[in-house]
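Just follow the structure's listing: the first ligand is 1, and inside any ligand the first atom is 1.
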Amino acid sequence: MLNETIAEHFSLLSKLMDIHGDNSFKSKSYANAAFQVDKLPQQLTEMNKKDWAGQRGIGANLATRIDELINTGRLALLDEYIAKTPEGVVEMLAIKGLGPKKINTVWKEMEIESIGELLYACNENRLILYKGFGEKTQNNVRDAILYMMSQQGKFLYQQAEHSIETYRKQLQDLFEKSLIGLTGEAARNEDVISQVDFIISQPEESITMAMQSLGHDPEKTEEGNLLFRMENAPPLVLHSCTADNAGTMQFLTTGPEVFTKYIEKKYSVSLTQTNYASEEVLFNSLNLPFIQPQHREIAVDENYYQKNVQKETANPSNIKGIIHSHSKWSDGGYTLEEMAAAAISKGFEYLVISDHSQAAGYAGGLRPEKIIQQHAEIDRLNEKFAPFKIFKSIECDILGSGQLDYDDEVLQSLDLVIASVHSSLKMSEQKAMQRLLTAIENPYTLILGHMTGRLLLSRAGYPVDHKKIIDACAANNVVIELNAHPRRLDMDWRWIPYALEKEVLISINPDAHSIDGFDDIKYGALAAQKALLPAANNLSSFSLGEFEEWLFDVRGMKGTLG
Ligand SMILES: [Zn+2]
Ligand SMILES: [Zn+2]
């Protein structure tokens, strides 16, 4: 074992001790030992053991540890620390500008245990509330995390969006007279994109030469297609085809496989064997109307697809209200008045302001007396901005017990409650279900916020039984949010058909912490459209009048009208 490796072990041990806030004298001695060992002119393994302890920075205790390391290849004390530190917390050591002491604050005070959550907290401006974290640190941490993530080969749809258009323009310039078609994951508007695919009606050699003229050298994918790696963007994969088989290629590469297999089986065709010049020709030959790429996964559920494909789907142009938003009253970036004015100027008819509740201390959650003050402001603004309307809401924490975060008197004073889990996210399915079902059964809960707490590419959600939750929402007249933040998109769109079957309303909500956040509605809508969510089944597509009527009816049914 090299001195360098020994030093790395000691250095990591010292950092983990600091992360735990343990005896700083010991951690310093390991840090110092790491430094000295690394500098030694001779390898420890080549020295006489007895001489170790005499070296600068190495006492008898450290000599024993070195012996253990060299003999076993491990350090029991280090293993112990690794075992009692969440993996995501250890990973934070790789974030530039975030030392062990700061990680201690992130973990113990902010209760953040993964890099994805930390990024989310940066974006919500939450780090600056803690001692030792200024705006500069927060920005550095965010940039460092984004960089790390960009290296991992997967991108949120929102992160890939710009590249898709850039690639398309570049290809159009390079191959003016060829057929160029976006295909694959990007054509299907998947939540997460690992590569951007195009078909091009050009021989492979011409594609390679043209791309090389732009300085991009190709690699080959496992399937033998051309792959071009790009900096901080998804790789571009190009599929060579001819004008004769462009339709076949477009169809097969668009996928998903579950759909292409379903078509082949149902129509007993082998599509790889037949040349179609376009997808339209291909669908025609099967006597099928064209199926949009983003609908192909859901189209496998034939009855569902047939029933919904003709309906108007929820989309940004028919979404009439901002449901679920935060203002400066809790952790938002703008005043309530600024949020309302922006919503009006963007053509929305109403704004549901749902700041955090009191348990969410980290996010400036509102104490009951603050809620009274906020309501006075809402009354004043509603007079000023009529007929536009601000609704009094709260994003109410679902406590560990499943209870809501206020007593009934406070809950009664609100127009509607969005109930969400924000704390103790690490839990068994049984615990998660108990909390969620208790909250759903609370008569004040009208909307269930981000059902699983997932953060795409960063944090898996807590485990839930989707069907049981949807059943409970149906039984209790609770709407299920489709949180439109591109990193959440929670509830997953694949559960929309079951929710519709149970006549549960969905609501595409931006969870906006700023005015720009309103625009996230687009990503929620893209996800919802994959399930063909009809506008009529989306609460935020209700007009102001319809929304008020729904509110009156549902509260009447639940007996919370007062
Ligand atoms: Zn939330
Ligand atoms: Zn929220």
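Taking the six-membered ring where the residue is Trp, Y498 and W495 present perpendicular rings, their angle passing 60° and hence far from 30°.
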Which side-chain N or O atoms in residues 106-113 pair as donor and acceptor under 3.5 Å with protein atoms at least two apart or in another chain?
| unit_1 | atom_1 | unit_2 | atom_2 | d |
| --- | --- | --- | --- | --- |
| W107 | NE1 | E113 | OE2 | 3.4 |
| E113 | OE1 | K426 | NZ | 2.8 |

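Within the sub-2.8 Å shell of the Zn ion (ligand 2), the protein contributes these N/O/S atoms: H324 NE2, H326 NE2, E395 OE1, D511 OD1.
Annotation: cation-pi pair K131/F133 absent, no NZ/CZ under 6.0 Å from the ring centroid and within 45° of its normal.
Other residues, nucleotides and ligands contribute more than 12 heavy atoms inside 6.0 Å of the NZ atom of K431.
A heavy-atom distance below 4.5 Å is not found between the side chains of E481 and D490.
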Next on the checklist: Q195 vs D197, test: side-chain hydrogen bond (donor to acceptor under 3.5 Å, both in side chains). Steps then yes/no.
Outcome noted: CA-CA 6 Å; Q195 60 184 50; D197 295 78; 3.0 Å; yes
